[in-house]
There are 2 protein chains.
Amino acid sequence: MKASEQRRVTVKDVAEAAGVGVATVSRVLTGTGSASAATRERVLAAAARLDYRPSALGRNLRRRHTGGIGLLVPDITDTFYARLADGVLACAKSAGEPVILGTTGDDPEREAELIGSLLEESVERVIAVPCGDGEMWGPAFRAGLGVVFAEREVPGRNLPSVRADDRAGVRTAVEYLAGLGHRRIALLARHGQEQRVRAFREALAELGVPVDEELIVLARGTRDSAYAAAAGLLQRRPDVTAVLAGGNMLGEATVLAARELVIRIPRDVSLVMFDDVPWAELCSPPLTVISQPAHDIGYRAAELVLRERGRPRTVTLPTELIVRASCGPRR
Amino acid sequence: MKASEQRRVTVKDVAEAAGVGVATVSRVLTGTGSASAATRERVLAAAARLDYRPSALGRNLRRRHTGGIGLLVPDITDTFYARLADGVLACAKSAGEPVILGTTGDDPEREAELIGSLLEESVERVIAVPCGDGEMWGPAFRAGLGVVFAEREVPGRNLPSVRADDRAGVRTAVEYLAGLGHRRIALLARHGQEQRVRAFREALAELGVPVDEELIVLARGTRDSAYAAAAGLLQRRPDVTAVLAGGNMLGEATVLAARELVIRIPRDVSLVMFDDVPWAELCSPPLTVISQPAHDIGYRAAELVLRERGRPRTVTLPTELIVRASCGPRR
DNA sequence: ATGAAAGCGCTAACAC
DNA sequence: GTGTTAGCGCTTTCAT
């Protein structure tokens with residue numbers, strides 16, 4: 001007998017074995033409706049004896065949706081998103097829901113494709129770090145999809161999202177740097193993090209530091225792009241005295257580029273990195289960072305998408321400045 | 001009109017719009033059977049006009065299985081597994097299949113739970129980094145699940161798996177260390193990496209270095225456990241002169257523990273870490289590593305599970321010693 | 001080449 | 001309290 005010929009145990013089998021109708025089995029197993037203690041007992045026993053596992057396929061088709069959660073991140077290789085995913089998984093686990101993971105590579109087209117296949121799978125809840133301007137979310141909403149955005153939000157519409165407090169984080173970093181005497185501060189950010197760019201401009205303005213647009217450089221979410229951005233900045237503007245890297249990959253790229261160009265941190269340039277990662281402490285020099293609760297962002301997003309369908313809430317989580325050794329006074 | 005009241009466009013709608021039967025629509029869309037060029041045209045046009053998306057639910061129920069791939073890793077926060085997952089995603093994307101991610105935390109019980117829910121979802125292909133002795137895989141095989149193991153394998157049974165060449169990697173590291181004059185070499189490994197432990201003993205034996213069992217310490221797959229293992233080893237045996245960390249988290253823990261105990265690397269102890277990660281180069285000192293093709297492991301595993309059902313193959317990928325600055329001659 | 005009809009496994013009306 | 005029945009959306013014989 002080949003393994004592939006195994007017939008699946010179904011409600012019908014259980015019903016037969018327990019001497020009841022299929023509906024009763026369904027009721028007992030899902031906890032819906034009522035059943036006498038005696039029958040309940042018999043059904044449970046039969047199910048256990050046959051090692052019955054309800055088919056999610058049948059249930060989902062009937063209910064016309066999947067219980068699962070779609071999770072869309074730019075890059076699972078970036079520890080920030082890995083931690084975020086971990087948070088989502090932790091919450092989904094307690095709800096017993098499967099998580100379907102997709103990576104967008106920060107490409108709106110890929111994002112649209114992924115949304116499409118989630119729709120095909122009848123997934124009705126998704127957590128996403130959106131890229132692009134959010135055009136592609138139209139079909140999703142029309143299909144009744146419950147969406148919670150994480151880390152970033154889509155401009156325009158007012159949609160549920162959970163994010164770190166970028167404004168406060170950037171502001172804290174800039175104030176710290178300015179307090180050390182820095183004036184030519186650069187910002188390295190990813191596309192889609194306009195929030196941080198805005199906050200950066202504001203913080204500078206409030207401190208009376210003129211905004212030099214050439215010192216704000218945007219990168220895509222790949223290591224190569226991050227490196228190019230960092231190296232380009234450092235070469236083009238050797239007068240920068242401090243840089244704020246808007247993410248751990250950007251921070252990594254900055255350290256690498258600086259070494260390559262024999263620019264010493266913090267003697268020649270100070271560095272503050274967004275997102276605390278384990279290696280920040282191991283780095284030479286240990287990096288001063290703005291830590292973000294990546295895990296919590298994921299967890300809260302999952303809570304929102306799971307339990308608060310419809311209520312568009314937006315959650316902002318605090319960041320924290322952790323001073324280590326990558327910043328010094330203005331040279 | 002509430003969004004949730006949207007009725008899904010079905011084959012029936014398309015059939016009606018195209019003036020044909022549902023069977024024809026199905027045939028045209030799946031590419032099965034035959035249809036005249038004219039009808040094909042009409043069906044395609046109707047489908048496009050109605051923005052029809054076939055429901056995976058219906059199809060899967062009918063076919064009695066899901067196309068998706070289950071992916072089980074110990075910890076998505078560990079960059080090795082994140083890169084592995086990335087490889088799986090890359091391959092799954094080209095096949096258009098969704099990936100369901102679950103984390104086991106290296107806990108056999110959790111692993112069993114996850115296998116169970118994959119079975120409920122009728123997933124028929126899974127890629128897993130197994131933990132435990134593989135008892136829990138029995139039900140999976142009985143259900144006809146196609147499994148490919150990654151990074152580790154389950155002892156006993158001969159099952160498809162793709163792994164880095166641990167034997168060669170460990171051997172290379174040990175030879176390198178021995179060549180530097182080291183004799184009291186410790187190994188930090190994870191449970192489930194018995195392969196590496198065995199290779200370690202063999203390599204030592206071949207070089208005529210006596211095996212000191214106290215110098216082989218096993219940890220669970222968490223940061224805390226890794227730190228405890230590293231710190232414990234370094235404290236208990238201040239005479240060790242070199243350590244081989246069997247994974248990036250173990251390496252991280254070793255650097256941290258060494259700093260805490262004011263043990264200098266490489267002056268006091270040399271360190272070789274399994275798995276090259278971006279921060280290895282940024283670390284102080286830059287870490288000498290045995291690099292592993294994490295992405296490829298995932299990609300190949302996905303290829304195997306997708307295209308080579310049934311043929312139990314086992315793939316071994318090469319590792320490479322990358323010398324940086326964390327090793328020195330025996331003090 | 002194409003349509004009608006039979007389910008896949010499940011749940012929710014609806015009867016009793 | 002419990003059984004019967006009608007689908008959910010799709011693919012696949014089986015006729016035509």
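Residue numbering restarts at 1 for every chain, and letters A, B, ... go by the order of the sequence lines.
- Between A:R142 and B:D51, none of the side-chain N atoms (NZ, or NE/NH1/NH2) sits under 4.0 Å from a carboxylate O, so this pair counts as no salt bridge.
- Residue A:D13 is tested with A:R8, A:R53, A:R7 for a salt bridge (charged side-chain N to carboxylate O under 4.0 Å, His left out); the sole match is A:R7.
- For the pair B:L119 CG and C:dG9 P, the computed distance is 14 Å after rounding to whole Å.
- Residue B:S34 places no side-chain N or O under 4.0 Å from the OP1 or OP2 atom of C:dT2.
- Atom P of nucleotide D:dG3 and atom CD of A:E16 are separated by 13 Å, given to the nearest angstrom.
- Residues A:P74 and A:C131 fail the side-chain proximity criterion, which asks for heavy atoms closer than 4.5 Å.
- Remark: C1' of C:dC8 and CG of A:N60 are 14 Å apart, rounded to the nearest angstrom.
- The side-chain heavy atoms of A:R42 and A:T39, taken from C-beta on, include a pair separated by under 4.5 Å.
- A heavy atom lying under 4.0 Å from DNA chain D marks none of the residues of residues 39-49 of chain B.
- B:P108 has its side chain out of reach of B:E135: every pair of non-hydrogen atoms, C-beta onward, lies at least 4.5 Å apart.
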| Does the pair A:R152 and A:D106 meet the rule for a salt bridge (charged side-chain N to carboxylate O under 4.0 Å, His left out), with working shown? | CA-CA 12 Å; A:R152 312 178 190 166; A:D106 253 336; 3.1 Å; yes

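- A:D75 has no carboxylate O lying under 4.0 Å from a charged side-chain N of A:R190, or vice versa, which leaves the two without a salt bridge.
- Distance alone, capped at 3.5 Å, is enough to place a donor-acceptor pair between the B:T66 side chain and the B:E121 backbone.
- Between the two ends of the helix from C:dA1-D:dT16 to C:dC16-D:dG1, each summarised by a five-pair axis, the helix axis turns through 40° (rounded to 10 degrees).
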| remark: Scoring nucleotides 8-16 of chain D by protein non-hydrogen atoms under 4.0 Å (B base, S sugar-phosphate only, - none) yields BBBBBB---

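- Using bins of under 30°, 30° to 60° and over 60° for the plane-to-plane angle, the ring pair B:W137/B:F141 lands in the tilted bin.
- Using a 4.5 Å heavy-atom cutoff, the side chains of B:R27 and B:V20 are not in contact.
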